[in-house]
Amino acid sequence: MKKSISKILVAVLVCAALCCAFAGCGNREQILKIYNWGEYMDPEVYEGFEDWYYEQTGKTIKVKYKEFDTNESMYTEISVNKADYDLVCPSDYMVERMRNAGLLKPLNKEIFTADKELYYDGLWDMVNDSVDPGLTYSMPYVWGTFGIMYDSEKVEEEDVADFDSWEAMFSEKYKKKILMKNSVRDAYSIARIYDNTAVLSQKSNGFTDYNADYKQALDSIFKLPDSDEQMRANIAAAYDRLVKQKSVLLRYEVDDGKDDMINPDSEPKLGFFWSCDAGYAMEESNTLFYVVPKEGANVWVDCFVIPKYARNEEAANYFLQYLCTATVDDSDEDFGGALVAEKNMDWLGTSIAVKEAMLSVKEQLEADDGSDEDSMFFEAPEGFKEMYLEMVFPPDEVLARCAIMRDFGKFNFELDGMWIDVKTA
């Protein structure tokens, strides 16, 4: 009888151990759970936090890092499944949705001591004026614009001016040479911008003065209008425009379009791209150019937030402080003494929110004369370096014609339905 009981007890203990292994049981205060986009942080960065946290607090911590593929799948994990991640990284409009749904905890400003001056010029104001007043719940992490990327070796020199306008994305001139992002919010946005070209031109004096009236008109495209009737009319207009566009497209793409653009033997000449993906492609091919069209575009900002069901708020706030202000250990031959944010930016290959890291990288790129074969500027076409710097470090004149995308609230479902109808039309 004792032998049987012993066997049962051993079995129970083994099962319990296995459950702990898969469920991650243990002292939750010693675990930091991060939920982020794929390939969105240098593994050495989040692994390095464990030593830094011990130095700051005298406490041990283990980072558990998991990736998601869409804002919506992440939202379901938090809102429906009540997953206890301590940090997640939604895009701007999703920050607004989560804040409005009561799914976020405020940042602890005594631990995370960032102020407006921490962030790249204008970034704090853009987030503050749109999705998170006072940045109470969010820390801007990675950001950029969307625009048109084209291959300078596949177009005639006299055609380059075409890509300064969204009209190129709808033009018969480039029929079956255009890639379009398979994204309802982005597709809706450029359709509405294109349909409002005349208004935006009038407000900006022919796209020469991106003033307050212009900015108000552009902002209105990225947020809910005053009436439901107007929003439904906007969705219907976007549907008509996007259905017409289908005849000139090569195809829709999500993430593999940049690989097509890199391949010199591929068909596309141009496409809709986020600046981060454009930057990735340009590291492989310096014949690619990127432009934010004159009519206007989107500034996207992915932010870290602390979800409602987080169980280690303290470590989460320390991690935010670490990302923005900590320095890399001197043992790192390439980045010893530099900001963690700079090391992370180098790994990401795109714009990051921390101003000091951005300025340091910009200085290095400006000093790069392209003489080294490993430089992305080596044997680059005329104007490539200047274009690349403007893409990664958008100047005021570019940001003046950009706005942050907002949450469309109860119309998200109708937008999704519109996009399905477009693709099946």
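This one's a predicted model, so the numbers in the text were calculated from it and none came from an experiment. Basis for what follows: all heavy atoms, side chains included, without hydrogens, waters or symmetry-related copies.
Note: M345 CE to L339 CG = 12.0 Å, rounded to the nearest 0.5 Å.
Partners of D332 by salt bridge (Lys or Arg N to Asp or Glu O under 4.0 Å), not counting sequence neighbours, listed by chain and number: K343. With sequence neighbours left out, D69 forms a side chain to side chain donor-acceptor pair (under 3.5 Å) with S73. Residues satisfying the side chain to side chain donor-acceptor pair (under 3.5 Å) test with Y65, not counting sequence neighbours, are N36.
Aromatic ring centres of F289 and F163 lie farther apart than the 6.0 Å criterion allows. The six-membered or imidazole ring of Y53 lies away from that of Y322, with a centre-to-centre distance of 6.0 Å or more. When ring centroids are compared, F146 and W166 come within the 6.0 Å threshold. Checked against a 6.0 Å centroid threshold, the rings of W37 and Y141 do not count as neighbours.
Side-chain atoms of K176 never come within 3.5 Å of backbone atoms of E267 as a donor-acceptor pair (strictly under, hydrogens ignored).
Using a 3.5 Å distance cut-off with no hydrogens or angles, the side chains of E342 and S360 do pair a donor with an acceptor. Residues D213 and N211 have side chains that never bring a donor and an acceptor to within less than 3.5 angstrom of each other. Neither side chain, N263 nor S266, offers a donor N or O lying under 3.5 Å from an acceptor on the other. Inspection of the D209 and S204 side chains reveals no N or O donor paired with an N or O acceptor under 3.5 Å. For the residue pair W143 / D92, no side-chain donor-acceptor distance below 3.5 Å is found, with atom types taken as modelled.
Annotation: cation-pi pair R241/Y194 absent, no NZ/CZ under 6.0 Å from the ring centroid and within 45° of its normal. The cationic group of K258 lies under 6.0 Å from the six-membered ring centre of Y280 and within 45° of the ring axis, placing it in a cation-pi geometry.
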